[in-house]
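The structure under discussion appears below in the form of structure tokens.
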Amino acid sequence: MALLLNLACFSVRSPQQTFLFPKKNPAGSRRRGSIKPAVLPGENGSRRKEDRGNNRLFAVADGIGASTEEVYKVEVPEEGSEERKEVDYNWKEEWYPLYLTNQIPDDAPLALTVFDHQLVIHKDGEGTVHCHEDRCPHRLAKLSEGQIIDGRLECLYHGWQFQGDGSCVRIPQLPEGAKIPQSACLKKYEIEESQGVIWVWMSVDTSPDKSKIPFFKNFDRPGFRDTSTIHELPYDHSILLENLMDPAHVPISHDRTDFFAKREDAQALIMNVLEKTNRGFAGEWGKVKDSSSSSSSMNYLKFEAPCTLQNNREIVDKNGETQYFSALFLCRPAGQGKSMIIVRFGSTMKSPLVVQAFPRWYVHQNACKVFEQDMGFLSSQNEVLMREKLPTKDLYLNLKSSDTWVAEYRKWMDKVGHGMPYHFGHSTISMPSISPVNEQAPAGLIASLSASMPTKGGFLTDHTPNPANRYFRHVVHCKECSRSLKDFKKWKKVLLVLSVASFAAAILAVTKQWKVMALVGAAVLFAGSYACSSVASLITTNFIRIHRRL
């Protein structure tokens, strides 16, 4: 992931490139919600305003990244001004990214959350995905702890079974011939599949607005290929989005994670806001040192409500053809201090053979490492915001040359925060009204043993729930990594048994030649078993930052 984020700094802008909120999608595409056309910066870097009915849009492109002032003193609009005015917003009347379609379990329910709302998704007997409140109407047991029986979702507390429409079809405790109560049904949430992602409409009182489902043009281009992963993270989704809007941290935080992230490349950036609407903002960014070149390297960033961020770029290859690249981040709020992200990196350019040779589990673990490198200070940032209870203008020291997107995002929060369960805006704040729930808290002897060995689990456990552990943050959500982990564990045992057998054969061998061959074979087999063990440990490891000493 660090590689693609850093490569964004070297993209070549195509003269025909536009990256704004489009008025309409291509023919045959899913149409998004109505968005106002772009507002472009005025001549000579001046601020240009355009009044569109009740919505006044501002394009702030004047001097960003070029000022001699280091501190980004974000101006707070006056009370009652158009830019300061709150807009109608209901967080439930939005689509949230739940899961990658190809990662949904075929034979088990899956627990997911949106803010503090607990959901369960599952497939019926025909493979259709359904979403309900994760609560049995009988005694409130979590249905995600249940199982799928003949395509029906069964609660493991008393065996009540539910169909995809939420109706209860079996209660074992009812007398023969008795009718199932009509109230024994589940609250159903509407979901839609779009471009490989399952989206949920969180309102049960209003009909779903399908025009609000985000559509990503690059993912529909011919020849576009992507690598997608899912990760759970122990901090708020707003902090996650803020981190992803911050290209300046990549050279420092992810130094030498790959060949492209290097701390000596840290520098001032150009960040120009090209459009702002009530549903987000879009703009361009690039390196100051590249801005004077004839083919300036610029990237196009777009945030769209409620939790979608994309970073696109175009490169004209040696054949004169335009190649498209996208880094797409779908950041679902999973509760206080929790978030889940679907990461999708892709392009129309064919990857080099050396890149294609990397196994998929290795690529995924490198993505895990990138998130782990940010995890410590982002979690602590979450704690400070919750403790200080102040808007970000009183806590952040933003720079013009690196923090433009962060400031724009927090100012967008000022507009819509009143319609969210809680928010931390630039000049406004509302704290959560309910206490966070500590789920899956272990207890007793097994818990203490598990806590002492968090990577591989304790007594009678494979792994202990731990937000620092790759197994729980990624592997449980990835069929490929789960399958690879099982294979490496199996081969570890097989090779170890063969190594012991080969060593025994060396002891029993009569001739010196056979003894040597058996011992060499035992050593090779043991090395293979150790390699499999090391890979399994890598996939399930806890992260510990090792600082590079200069």
Side-chain angles (χ1 to χ4, degrees), residues 2-21 38-49 57-75 241-254 260-277 280-304 309-316 322 324-327 329 396-412 426:
L3 180 151
L4 285 170
L5 283 176
N6 208 282
L7 271 180
C9 296
F10 298 94
S11 61
V12 178
R13 180 182 181 183
S14 170
Q16 293 79 28
Q17 167 73 33
T18 57
F19 183 67
L20 305 170
F21 292 86
V39 181
L40 300 177
E43 295 181 1
N44 302 320
S46 62
R47 178 181 301 229
R48 174 178 161 191
K49 303 178 182 179
L57 306 180
F58 295 85
V60 186
D62 42 337
I64 292 179
S67 173
T68 57
E69 296 181 10
E70 291 185 351
V71 179
Y72 189 5
K73 296 179 180 178
V74 183
E75 295 181 1
L241 275 165
E242 185 182 277
N243 174 250
L244 297 169
M245 294 176 184
D246 177 22
H249 85 282
V250 174
I252 303 297
S253 299
H254 309 305
F260 293 90
K262 299 178 182 179
R263 64 181 299 109
E264 53 265 31
D265 287 339
Q267 60 186 275
L269 301 174
I270 295 175
M271 292 181 159
N272 294 328
V273 180
L274 298 180
E275 179 184 6
K276 288 195 282 188
T277 75
F281 56 88
E284 61 181 6
W285 67 273
K287 293 182 178 181
V288 170
K289 70 178 185 180
D290 295 334
S291 61
S292 60
S293 61
S294 57
S295 56
S296 60
S297 299
M298 299 298 285
N299 309 271
Y300 296 84
L301 177 141
K302 176 182 175 183
F303 165 72
E304 185 174 3
L309 180 72
Q310 53 182 311
N311 195 79
N312 293 347
R313 64 189 188 274
E314 298 178 2
I315 294 178
V316 178
T322 301
Y324 300 89
F325 298 81
S326 279
F329 307 100
Y396 287 10
L397 186 64
N398 288 326
L399 301 180
K400 282 189 174 183
S401 53
S402 62
D403 302 315
T404 299
W405 310 135
V406 172
E408 290 299 332
Y409 174 58
R410 293 300 178 180
K411 287 193 290 183
W412 176 80
H426 173 68

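Residue numbers count from 1 along this sequence.
Between L301 and F281 there is a side-chain heavy-atom pair separated by less than 4.5 Å. With a 4.5 Å cut-off on side-chain heavy atoms, R313 and M298 do not count as touching. Taking the side chain as every heavy atom from C-beta outward, P251 and Q267 never approach each other to under 4.5 Å.
Nearest heavy-atom pair across K287 and I270 is O-CD1, 4.2 Å. Nearest heavy atoms, S402 versus D246: O-OD1, 4.0 Å. Counting all heavy atoms, side chain and backbone alike, S326 lies closest to N312 at OG-OD1, 2.7 Å. The two residues N398 and A407 make their nearest non-hydrogen contact at ND2-CB, 4.2 Å. The nearest pair of heavy atoms linking G283 to W405 is CA-CH2, 3.7 Å. The two residues L309 and L244 have their closest heavy-atom pair at CD2-CB, 3.6 Å.
In this structure, NZ in K411 is found 4.0 Å from NZ in K276, a value given to the nearest 0.5 Å. Separating the OG atom in S401 from the CE atom in M271 is a distance of 8.5 Å, to the nearest 0.5 Å. Annotation: the span from N311 atom CG to K302 atom NZ amounts to 13.0 Å, rounded to 0.5 Å. Within the model, atoms CH2 of W285 and CE of M245 stand 13.5 Å from one another, a figure rounded to the nearest 0.5 Å. The OH atom of Y409 sits 15.0 Å away from atom CG of D403, with the distance rounded to the nearest 0.5 Å.
In summary, the aromatic rings of F303 and W412 are positioned with their centroids under 6.0 Å apart.
For Y396, the side-chain hydrogen bond (donor to acceptor under 3.5 Å, both in side chains) partners at least two apart in sequence or on another chain are E242, Q381.
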